[in-house]
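These notes are about the structure you will find just below.
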Amino acid sequence: MKIFNSLTKKKETFIPRVHKKIDLYVCGMTVYDDIHIGHARTFINFDAIIKFLRFAGWEVNYIRNITDIDDKIIEAAREAKISALDLSRKYINEMHKDFDSLGMMRPNKEPKVSDHINEIIEMIKTLENKGYAYSKEDSDVYFDVIKFKEYGKLSNRTLNQIESAERIDIDLNKNHEADFVLWKKDTLGITWPSPWGQGRPGWHIECSAMSMKYLGEEFDIHGGGLDLKFPHHENEIAQSRCATNKNFASYWMHTGPLRIFEKKMSKSLKNFLTVKDVLKNFHPEVLRLFFLLTHYRSPISYSEEGLRKAKIILDKLYNLFENEKVIDRFSKDKTFIDNFFSSMEDDFNTPKAIQLIQNYAQSINQKGEINIEKLSNLKMILNSLGLLEDHPNNYFKYGSIDFLVDEIENFINERAEARKNKNFKLADKIRDDLLEKGILLEDLDGKTIWKKIS
RNA sequence: GGCUGAGUGGCAGAGUGGUCAUGCGGCGGACUGCAAAUCCGUUCACGCCGGUUCAAUUCCGACCUCAGCCUCCA
């Protein structure tokens with residue numbers, strides 16, 4: 001299996017630390033608002049990758065943190081006039097709802113910063129003892145980047161480059177522009193006592209402390225959105241390696257950004273759509289397929305048109321299973337499965353994998369007869385990416401409709417009667433009227449079914 | 001300004017030194033009372049300029065354009 005390692009900027013053969021086991025840490029959410037589909041992109045990518053890996057026989061220990069202490073959370077809480085932890089609790093709940101409705105697996109552990117203050121303090125103490133941390137008078141505690149020779153390796157920049165970049169505000173307490181806060185001294189908001197006084201952890205340190213607690217000082221893969229590469233991941237590497245003299249994560253994986261109108265979708269640009277917005281009109285698997293149709297490292301431009309196209313593809317796949325039962329075992333067509341595996345094992349080439357799936361689906365349709373074994377293969381492969389988990393019946397009726405189900409059934413019966421009497425004018429009118437309301441009727445094997453269109 | 005990635009047919013998006021991506025859409029058929037679904041056929045391509053090569057969309061160099069990071073960001 002090959003994985004593109006951001007650290008070496010090369011596609012490398014993946015060598016696990018322990019045979020057939022993968023320890024994986026993905027940087028999760030900072031919870032102060034509803035998640036948007038840019039966030040969803042990253043976590044759906046990893047969800048599909050992990051589902052595939054497990055399907056392929058890997059034992060994946062998946063850790064994804066929740067950052068529940070942070071300036072933005074504290075600020076949002078102040079505005080909402082509730083405590084920071086109450087606010088983050090609320091949005092953790094919303095996040096779980098959204099992730100669940102997107103069909104994502106829960107990680108094996110989902111550690112929160114507020115539960116790991118001791119580990120964080122211990123780590124800062126270690127760094128301080130080893131001479132990597134400093135503070136001046138009443139300043140925050142900083143990491144001394146000059147002391148870490150490899151600083152900048154991941155994000156491919158030198159300390160000189162960082163220093164020469166334009167800055168809005170310069171912190172005079174820092175030795176170097178790139179030095180970052182390990183412990184933020186503060187008495188407002190939510191704080192904890194520490195050897196450096198009352199305060200809270202800086203950003204970055206939590207991921208080092210928590211990943212090491214659950215996966216050890218060295219583990220296989222560390223992932224996250226591309227926008228975390230610098231400074232977040234760079235800083236994680238610096239503090240972790242300095243604290244332990246170990247390598248920390250072996251492989252770094254970064255997902256590409258989601259764009260909208262040629263710009264990255266982000267909170268600060270206010271150009272985002274929430275998961276809840278999109279799921280009003282589109283089945284969660286449509287969004288998932290939309291993402292998987294592009295390689296995980298490439299940017300994706302969001303558009304409704306794109307979602308509709310993904311839906312057309314998914315519709316075709318669900319159509320195959322409309323009336324069929326599926327036996328749960330592999331059978332023939334080793335070629336299809338082998339090809340699927342080679343695509344996925346080549347840095348998780350989901351677009352290619354889906355192409356194979358589409359071809360395979362077509363080959364089933366070509367025969368014009370039910371092939372349970374092929375359908376089983378297809379379903380199993382789709383499931384390994386988190387697709388086709390719904391019943392076709394639910395899938396095709398997803399979204400809000402203007403009618404009660406019984407009403408639609410009545411229209412269908414009325415139309416059937418009209419057709420029997422060769423009153424096609426009335427029959428077609430009923431069908432057209434429903435179509436206008438987003439209900440599509442299909443005559444299949446003498447039976448009429450309905451689908452919601454979007 | 002520095003660093004990184006990308007530019008493929010109407011659209012989305014893989015891949016490759018010389019044969020086809022694929023899907024959607026369009027067009028023409030089959031099927032259907034008509035549709036839908038499905039099938040068959042068909043159309044449309046590799047940013048620009050040089051170089052290497054018997055051969056380049058694929059390798060090399062310049063250029064143009066776009067995006068990301070350099071500040072919080074999945």
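Per chain, numbering begins at 1; letters A, B, ... match sequence-line order.
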Assign [X] to base, sugar-phosphate, or nothing according to its heavy-atom contacts below 4.0 angstrom with the strands shown.
X: A:H295; answer: sugar-phosphate
X: A:N359; answer: sugar-phosphate
X: A:T255; answer: nothing
X: A:I354; answer: nothing
X: A:G306; answer: nothing

Can you check the distance between [N] and [M], where both ends of the measurement are the [atom1] atom (answer in whole Å)?
N: B:C72; M: B:G13; atom1: C1'; result: 32 Å
N: B:C27; M: B:U43; atom1: P; result: 16 Å
N: B:G7; M: B:U16; atom1: P; result: 13 Å
N: B:G47; M: B:C66; atom1: C1'; result: 11 Å
N: B:A14; M: B:U8; atom1: P; result: 11 Å
N: B:U52; M: B:U65; atom1: C1'; result: 26 Å
N: B:G1; M: B:U57; atom1: P; result: 31 Å

What's the closest nucleotide to the A:Q358 side chain, out of B:G23, B:U4, B:A74?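 Of B:G23, B:U4, B:A74, B:G23 is nearest to the side chain of A:Q358.
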Can you give me the N/O atom pairs linking the protein to nucleotides 66-68 of chain B at distances under 3.5 Å, or say none if there are none?
from	atom 1	to	atom 2	distance (Å)
B:A67	O2'	A:R259	NE	2.9
B:A67	O2'	A:R259	NH2	2.6
B:G68	OP1	A:K264	N	2.9

Is any side-chain heavy atom of [Y] closer than 4.5 Å to one of [X]?
X: A:M253; Y: A:R297; answer: no
X: A:P111; Y: A:I63; answer: yes
X: A:L293; Y: A:T350; answer: no
X: A:H254; Y: A:S6; answer: yes

If we count only N and O atoms by modelled type, under 3.5 Å, do the side chains of A:D186 and A:T191 hold a donor and an acceptor together?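 Checked: A:D186/A:T191 side chains show no N/O donor-acceptor pair below 3.5 Å.
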Between the side chains of A:E110 and A:H96, is a donor N or O closer than 3.5 angstrom to an acceptor N or O?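 Side-chain D/A pair, A:E110 to A:H96: present.
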Using nucleotides 9-11 of chain B, report all nitrogen or oxygen pairs with the protein that are shorter than 3.5 Å.
from	atom 1	to	atom 2	distance (Å)
B:C11	O2'	A:K309	NZ	3.0
B:C11	O2	A:K309	NZ	2.5

Produce a footprint string for nucleotides 37-44 of chain B: one letter per nucleotide, 5' end first; B if the base is under 4.0 Å from any protein heavy atom, S if only the sugar-phosphate is, - if neither. SSSS----
Reading nucleotides 26-34 of chain B from the 5' end, what letters show protein touch, with B for base, S for backbone sugar-phosphate only, - for no heavy atom under 4.0 Å? -------BB
Partner residues of [X] under the ring pair (Phe, Tyr, Trp, His ring centres under 6.0 Å) criterion, sequence neighbours left out:
X: A:Y214; result: A:H116
X: A:F411; result: A:F403
X: A:Y296; result: none

side-chain contact (heavy atoms from CB on, under 4.5 Å) partners for A:S301, two or more places apart: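 Scan of A:S301 (side-chain contact (heavy atoms from CB on, under 4.5 Å), adjacent residues dropped) gives A:R259, A:E262.
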Note: A:K429-A:D433 ion pair, threshold 4.0 Å (strictly below):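 So A:K429 pairs with A:D433 through a salt bridge.
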NZ/NE/NH1/NH2 to OD/OE distance under 4.0 Å, A:D428 and A:R415: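 Looking at A:D428 and A:R415, the cut-off is not met.
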For A:D390, which residues count as a salt bridge (Lys or Arg N to Asp or Glu O under 4.0 Å) partner, sequence neighbours excluded?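 Scan of A:D390 (salt bridge (Lys or Arg N to Asp or Glu O under 4.0 Å), adjacent residues dropped) gives none.
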Look at the side chain of A:K72 and the base of B:C72, then say whether one donor and one acceptor between them are separated by less than 3.5 Å.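 Flag set: donor-acceptor pair detected.
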Taking salt bridge (Lys or Arg N to Asp or Glu O under 4.0 Å) as the criterion, tell me which of A:D68, A:D70, A:D71 meets it with A:R200.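 The residue from A:D68, A:D70, A:D71 that satisfies salt bridge (Lys or Arg N to Asp or Glu O under 4.0 Å) with A:R200 turns out to be A:D71.
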Ring pair (Phe, Tyr, Trp, His ring centres under 6.0 Å) partners of residues 434-454 of chain A, not counting sequence neighbours, each pair once: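 Qualifying pairs, neighbours excluded: none.
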Test of ring centre spacing under 6.0 Å for A:Y395 and A:Y318: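 They qualify: ring centres under 6.0 Å apart.
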Near RNA chain B, which residues from residues 60-70 of chain A have a heavy atom under 4.0 Å away?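 RNA chain B contact set from residues 60-70 of chain A: none.
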Identify all stems in which RNA chain B takes part, counting only runs of at least 3 consecutive pairs (Watson-Crick or G-U wobble, each distance under 3.5 Å), and give each as one range with another, ordered by first number.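 So far as stems of 3 or more pairs are concerned, RNA chain B shows B:1-7 with B:64-70, B:10-12 with B:22-24, B:26-30 with B:38-42, B:49-51 with B:59-61.
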When you measure from the side-chain N and O atoms of A:T294 to the phosphate of B:G13, is any distance below 4.0 Å, counting only OP1 and OP2?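 Looking at the OP1 and OP2 atoms of B:G13, one of them is under 4.0 Å from a side-chain N or O of A:T294.
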